[in-house]
Amino acid sequence: MLIGLLTAVAASICYGTGSVLQAVGSRKSARREAAAAGHTAGQVTAHGGPSLSSTAQAAMTWEFIVGTVLDFVGFGLGALAARLLPLFLSQTVISANLVITAVLSVKLLGIRLTRAEWTSIAVVCSALVLLASAAGSEGSGHTPISTHWWLLAISLLLMAGGTVLVRLLGARAAILAGLLSGLGFGALGVGVRVLNGIDPFALATLLTDPALYAILVAGIGGMYLHTVALQIGSVNGATAALVVGETVLPGMIGVWWLGDASRPGFAWLAVTGFVLAVSGAVAVAWFGAAENAGKDVPAPADTPAQNPALAQDRVS
């Protein structure tokens, strides 16, 4: 249990740091493209969302590249945690990257968090302590192969359909993109748990398991949608929506189908911690969306010193 918890915490730190660095890279790219193309040409779709070229350019900044490397490290650590802990615990601890994101965004994005946001973050942290105290053993993860095919089909539907929907909604889709990316990462966690050919290792079994391809689809799609969310909305709001997506359904699936359980007599504490963690994340998303509403597009500048308005930007 201790090794699993430490692994999940390390994954959370990697993901949180990576999110902020990706946000820095996305915003830097958006400002440069706005300066070069009259603020909108080539940067957004007809619906106000980021174009594919804009997203690709954001991915080429050094901040985004380092953030992506951290995401891959976090993915590996998170996959290990999903094999060592109940999903309701591993996914929730990993989702605490919201705290890392919030703290680092103050330093790297010139953000000031409101009292309500700090309170919500404190609720999430307290809930994680309750969850860790109540968690019992993880389930076996053995499921029929038909379940793996269903996971692949649902992952394809969520990522492909979600991408189309987000592009249609444009600038209004920040929270939705964050939520869909979270569902993708949640599907990834479930896929890691049920994946065949790991213990004992069997390459042929691994490569023929649909869950492996569900992991790839959900992981790549989730990263793309998270990038879009960071481009068009609040970094903390998008991350909080991601938290909801990657914790609620995977946690329920872990309990209902994979045999995850709390310690005997501590089910009430696990439920309380889980509800508080999700509620705290929703609160951060809510306050973040409210703070982000009505913001003007920042004038082209690469640093807060060049653009004083950017220095006062509130990511909430």
Side-chain angles (χ1 to χ4, degrees), residues 8 11-12 15 74-75 78-79 81-83 85-98 124 127-128 131 134-135 138-144 146-163 165-166 175-195 210-226 229 238-262 267 270-286:
S12 179
Y15 278 134
F75 164 75
R83 303 283 297 195
L85 297 172
L87 280 178
F88 69 81
L89 177 58
S90 65
Q91 295 299 108
T92 309
V93 171
I94 291 171
S95 73
N97 67 73
L98 174 69
V124 173
L128 292 177
L131 271 173
E138 73 279 5
S140 66
H142 295 309
T143 54
S146 60
T147 303
H148 300 206
W149 282 108
W150 274 110
L151 181 63
L152 175 57
I154 292 171
S155 297
L156 284 168
L157 178 62
L158 278 176
M159 296 301 99
T163 297
L165 183 59
V166 165
I175 298 301
L176 176 61
L179 179 62
L180 287 169
S181 67
L183 290 173
F185 293 138
L188 186 154
V190 174
V192 167
R193 172 64 73 80
V194 303
L195 188 61
L212 174 63
Y213 304 99
I215 290 170
L216 294 175
V217 168
I220 295 172
M223 288 184 65
Y224 169 73
L225 288 170
H226 190 212
T239 303
L242 182 149
V243 165
V244 175
E246 74 175 342
T247 53
V248 177
L249 281 179
M252 291 166 45
I253 290 172
V255 172
W256 290 344
W257 283 299
L258 304 181
D260 292 345
S262 61
V271 172
T272 301
F274 189 80
V275 171
L276 285 176
V278 174
S279 299
V282 170
V284 176
W286 176 267

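- For Leu165, the side chain to side chain contact (heavy atoms under 4.5 Å, CB included) partners at least two apart in sequence or on another chain are Leu169, Leu176.
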For Ser90 and Leu87, what are the C-alpha separation, side-chain angles and deciding distance, and is it a side-chain contact (heavy atoms from CB on, under 4.5 Å)?
CA-CA 5 Å; Ser90 65; Leu87 280 178; 3.9 Å; yes
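- The side chain to side chain contact (heavy atoms under 4.5 Å, CB included) check on Ala79 picks up Val192, with sequence neighbours excluded.
- To the nearest 0.5 Å, the span separating CG on Leu151 from CZ on Arg193 amounts to 13.0 Å.
- Of all non-hydrogen atoms in Ala211 and Gly191, the two that sit nearest each other are CB-O, 4.1 Å.
- Under the side chain to side chain contact (heavy atoms under 4.5 Å, CB included) criterion, Leu156 pairs with Leu152, Val217, sequence neighbours left out.
- Considering only heavy atoms from C-beta on, Phe274 comes within 4.5 Å of Thr92 through its side chain.
- Taking each heavy atom of Phe75 and Tyr15 in turn, the nearest pair found is CA-OH, 3.0 Å.
- Nearest heavy atoms, Val93 versus Ala8: CG1-CB, 3.6 Å.
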If you apply the rule side-chain contact (heavy atoms from CB on, under 4.5 Å), what do you find for His148 with Leu195, and how did you get there?
CA-CA 8 Å; His148 300 206; Leu195 188 61; over 6 Å; no
Given side-chain contact (heavy atoms from CB on, under 4.5 Å), test Phe88 with Leu131 step by step and report yes or no.
CA-CA 8 Å; Phe88 69 81; Leu131 271 173; 3.7 Å; yes
For residues 177-189, which side-chain N or O atoms pair as donor and acceptor with protein atoms under 3.5 Å away, sequence neighbours left out?
residue : atom : partner : partner atom : Å
Ser181  : OG   : Ala177  : O            : 3.3
Ser181  : OG   : Gly178  : O            : 2.7

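- Atoms CE and CE, on Met159 and Met223 in that order, are 13.0 Å from each other to the nearest 0.5 Å.
- With sequence neighbours excluded, the residues satisfying side chain to side chain contact (heavy atoms under 4.5 Å, CB included) with Val271 are Val275.
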